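If you're wondering where the values come from, they're calculated on a predicted model, not measured in any experiment. Quick note on labels: first sequence line is chain A, next is B, and so on, each numbered from 1.
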Amino acid sequence: MRKPCCEKKETNKGAWTKQEDQKLIDYIHKHGEGCWSSLPLAAGLLRCGKSCRLRWVNYLRPDLKRGNFGEDEEDLIIKLHALLGNRWSLIAGRLPGRTDNEVKNYWNTHLKRKLMKMGIDHPDNHRLTAGNNPLLNKPITSKPAVISFTNPTINYGVESKKTALCIVPDLNLDLTIGPPPLP
DNA sequence: AATTCAATCAACCGCCTCAAG
DNA sequence: CCTTGAGGCGGTTGATTGAAT
């Protein structure tokens, strides 16, 4: 079994202090994101490199948006999750200013629950509760591609009147994965 | 006001991949 | 090839906060 990356040294754990944050910010402003394993020593931090990277990527980066997710962001997450599954970093890559951790947390706390309320009892694979919806009692032959969005037009539709349908096995999501947009 | 419960989210853990030696 | 270590990722935990009783 591999040793943990920071077994060699005593390192701080838990919440970061303001001073630690500042040290990390200062160091990265001066030297850029480089070798995370040697960063803590160089920056005067008693943290392991992984912890520094995580703190920077998820919290200190200046281009982070933070705050509530917009409806368009929600839709995009649902759409991308249907396509990619739990590939949070890929999903986050399509949401400027959002991190994988943030997207993952948002999915687990808000969206999962929201989809379940809409009758999708397996939000992880975007399957609707068959018993609730006669349309769905047909066998699904291929991997369900799912879904719904408030914007553009289709909704999961369990409750919405304007809805069309919800699971379309071979639905073309008209979504291509490319490099994330430039900042 | 005090207590309990639920929701949220920052941070950790362990695994995987990949490049360097 | 094989080994090693760094970086990155997804799953999970636990502290904190807010709401309900």
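- Across the protein-nucleic acid pair, A:Asp100 atom CG and C:dT12 atom C1' stand 14 Å apart, rounded to whole Å.
- Dashed line: the shortest gap from a side-chain N or O of A:Trp88 to OP1 or OP2 of C:dG11 is under 4.0 Å.
- Separating the CG atom of A:Asn86 from the P atom of B:dC16 is a distance of 16 Å, rounded to the nearest angstrom.
- In the hydrophobic cluster analysis, where Ile, Leu, Val, Met, Phe, Trp and Tyr join through side-chain heavy atoms closer than 4.5 angstrom, A:Leu54 is grouped apart from A:Tyr59.
- The CG-C1' distance, from A:Leu84 to C:dG10, rounds to 14 Å in whole Å.
- Remark: side-chain polar atoms of A:Arg98 are not paired, donor with acceptor, to backbone N or O of A:Gly93 under 3.5 angstrom.
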Interface polar pairs with nucleotides 5-10 of chain B, N/O, under 3.5 angstrom:
from   : atom 1 : to       : atom 2 : distance (Å)
B:dT8  : OP1    : A:His110 : NE2    : 3.3
B:dT8  : OP2    : A:Thr109 : O      : 3.4
B:dT8  : OP2    : A:Arg113 : NH2    : 3.2
B:dA10 : OP1    : A:Arg66  : NH2    : 2.8
B:dA10 : N7     : A:Asn105 : ND2    : 3.1
B:dA10 : N6     : A:Asn105 : OD1    : 3.4

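- Rounded to whole Å, atom P of B:dA11 lies 14 Å from atom CH2 of A:Trp56.
- With C:dG10, C:dT12, C:dA6 as the candidates, the nucleotide lying closest to the side chain of A:Ser89 is C:dG10.
- There is a path of hydrophobic side-chain contacts, each under 4.5 Å, that joins A:Phe69 to A:Leu115.
- Per the geometry, NZ belonging to A:Lys104 stands 13 Å off P belonging to B:dC12, to the nearest Å.
- In this structure, A:Glu74 pairs ionically with A:Lys114, as a charged nitrogen and a carboxylate oxygen lie closer than 4.0 Å.
- Atom-to-atom, CG of A:Leu24 to P of B:dA11 comes out at 11 Å; the value is rounded to the nearest Å.
- Under 4.0 angstrom from either OP1 or OP2 of B:dC12 there lies at least one side-chain N or O belonging to A:Ser51.
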**Study point:** salt bridge (charged side-chain N to carboxylate O under 4.0 Å, His left out) assessment of A:Lys65 paired with A:Glu102
**Key:** CA-CA 10 Å; A:Lys65 201 185 266 182; A:Glu102 206 177 3; over 6 Å; no
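- Between the P atom of B:dA11 and the CG atom of A:Leu45 lies a distance of 13 Å, rounded to the nearest Å.
- When the C1' atom of B:dC12 is taken as reference, atom NZ of A:Lys50 falls 9 Å away, rounded to whole Å.
- The shortest distance between the side-chain N/O atoms of A:Lys13 and the OP1/OP2 oxygens of B:dC13 is below 4.0 Å.
- Within the structure, a side-chain polar atom (N or O) of A:Arg53 is placed less than 4.0 Å from OP1 or OP2 of C:dG8.
- One finds the CZ atom of A:Arg61 at 7.0 Å from the OG1 atom of A:Thr99 (value rounded to the nearest 0.5 Å).
- Listed by chain and number, the hydrophobic cluster partners of A:Leu64 come to none, as no ILVMFWY side chain reaches under 4.5 Å of it.
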